[in-house]
Amino acid sequence: ELNGIVVAVNTQLSKNKKDRPEMMAANPVKRIDHSKMTHKDYLDEHTKRFNKLGISAATQKELLAGAEFCWSALYDKDAAAKFTDEQRKAAATIGTMMQQLKGPPPCCDDSIFERAKN
C-alpha cells in the first residue's frame, strides 16, 4: 500500500516539475517543525496527512506506532527510560536523518498535496 502511494506521488511530482514548473514554484515545500509541537499536535498532523493520502486504517495504525515510538524516545523524558539503548539509538538515527534533510522528511511536506496534483 505505502509503496504504491509513494510511487504515485513521486511520479506525479516528477511530472509536475517537468511540465508545470510555475505551479511547483508557487507551492514551496512547507514542513512543520516537530520540535515546536505538542505530542497531540504531532500525532494529529500525521493522522491528517495519512487521511489525505488515503492510507488504510490498518496501515495508519502501524505508521502511527512508529511516530509514537520516535516521539516517546526522543521527546518524552518520562517515557524515554522505558526504551533500551538500542531503541533510543534508532530513534536518534531517525532524528539525525530528519536534521540532515533540514527538517522533517518530504512525507511531512504539507504542500505535497498541491505539488502532486494531476
Side-chain angles (χ1 to χ4, degrees):
E1 178 183 9
L2 288 177
N3 286 343
I5 291 169
V6 169
V7 169
V9 169
N10 280 332
T11 299
Q12 190 60 42
L13 283 171
S14 293
K15 185 177 185 301
N16 286 347
K17 284 178 187 175
K18 179 182 172 200
D19 298 344
R20 302 169 68 191
E22 68 290 341
M23 182 274 294
M24 296 295 280
N27 291 289
V29 173
K30 297 175 192 164
R31 295 184 185 160
I32 295 171
D33 182 354
H34 288 130
S35 68
K36 296 179 182 175
M37 299 179 88
T38 66
H39 178 249
K40 182 182 180 327
D41 293 340
Y42 177 80
L43 293 178
D44 287 350
E45 285 298 318
H46 279 78
T47 301
K48 180 175 78 174
R49 194 170 298 106
F50 296 160
N51 286 335
K52 283 184 180 179
L53 288 168
I55 297 172
S56 71
T59 300
Q60 282 194 38
K61 182 178 177 182
E62 190 174 331
L63 291 170
L64 288 170
E68 179 68 41
F69 161 72
C70 288
W71 178 274
S72 297
L74 293 173
Y75 303 116
D76 184 341
K77 297 194 185 333
D78 295 329
K82 73 179 181 180
F83 296 105
T84 66
D85 288 342
E86 187 174 316
Q87 289 171 318
R88 282 192 297 277
K89 183 178 176 183
T93 297
I94 293 166
T96 299
M97 289 177 0
M98 287 184 184
Q99 289 172 352
Q100 289 170 340
L101 290 169
K102 304 210 180 338
C107 63
C108 293
D109 172 10
D110 282 329
S111 73
I112 202 163
F113 302 104
E114 293 300 319
R115 295 165 54 86
K117 279 187 177 178
N118 288 327

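Just so you know, these numbers use all the heavy atoms, side chains as well, and skip hydrogens, waters and symmetry mates.
In this structure, the separation between CD on Glu22 and CG on Asn27 is 10.5 Å, given to the nearest 0.5 Å. Taking NZ of Lys40 as the start and OG1 of Thr47 as the end, the distance is 9.0 Å to the nearest 0.5 Å.
In terms of hydrophobic clustering, with Ile, Leu, Val, Met, Phe, Trp and Tyr side chains grouped at heavy-atom distances under 4.5 Å, Leu64 and Ile5 are assigned to a common cluster. Grouping the Ile, Leu, Val, Met, Phe, Trp and Tyr side chains by contacts below 4.5 angstrom, directly or via other members, places Leu43 with Leu53. The hydrophobic cluster containing Tyr75 does not contain Phe69, counting ILVMFWY residues as joined when their side-chain heavy atoms lie under 4.5 angstrom apart, directly or transitively. Note on Leu2: it clusters hydrophobically with Phe50, by side-chain heavy-atom contacts below 4.5 Å among ILVMFWY residues. When hydrophobic clusters are built by joining Ile, Leu, Val, Met, Phe, Trp and Tyr residues whose side-chain heavy atoms come closer than 4.5 Å, directly or via intermediates, Val29 is not grouped with Met23.
With sequence neighbours left out, Phe113 forms a ring pair (Phe, Tyr, Trp, His ring centres under 6.0 Å) with no residue at all. In terms of the salt bridge (Lys or Arg N to Asp or Glu O under 4.0 Å) criterion, Arg20 has no residue partners (sequence neighbours excluded). Take Glu1 and apply the side chain to side chain donor-acceptor pair (under 3.5 Å) test, not counting sequence neighbours, and it matches Ser56, Thr59. With sequence neighbours excluded, the residues forming a side chain to side chain donor-acceptor pair (under 3.5 Å) with Asp41 are Thr38, listed by chain and number. In this view, Lys117 and Glu114 satisfy the side chain to side chain donor-acceptor pair (under 3.5 Å) rule, not counting sequence neighbours.
Shortest non-hydrogen contact noted between Trp71 and Met37 is CH2-O, 3.0 Å. For the residue pair Leu63 and Ile55, the shortest heavy atom distance occurs at CD1-CD1, 4.0 Å. Here the closest heavy-atom approach between residue Pro28 and residue Arg115 is recorded as CA-NH1, 4.2 Å. Across Ala116 and Val9, no two heavy atoms sit closer than the pair CB-CG1, 4.2 Å. Gln87 and Thr84 get closest at one heavy-atom pair: OE1-N, 2.8 Å. Considering all non-hydrogen atoms of both residues, Ser72 and Ala79 come closest at CB-CB, 4.1 Å.
Counting heavy atoms from C-beta on, the side chains of Asn51 and Gln60 come closer than 4.5 Å. The side-chain heavy atoms of Leu74 and Ile94, taken from C-beta on, include no pair separated by under 4.5 Å.
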Given the rule in the side chain to side chain contact (heavy atoms under 4.5 Å, CB included) test, do Leu13 and Asn10 qualify, once you have shown the distances and angles that lead to the verdict?
CA-CA 5 Å; Leu13 283 171; Asn10 280 332; 4.1 Å; yes
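Under 4.0 Å is where a charged nitrogen must lie from a carboxylate oxygen, and between Glu45 and Lys48 at least one such pair does.
Remark: Glu86 CD is loosely packed, at most 12 non-hydrogen atoms of other residues, nucleotides or ligands lying under 6.0 Å away. More than 12 heavy atoms of other residues, nucleotides or ligands sit less than 6.0 Å from atom CG of Asp19.
Contacts classified as salt bridge (charged side-chain N to carboxylate O under 4.0 Å, His left out) and involving residues 53-75 (residues at least two apart or in different chains) are not found.
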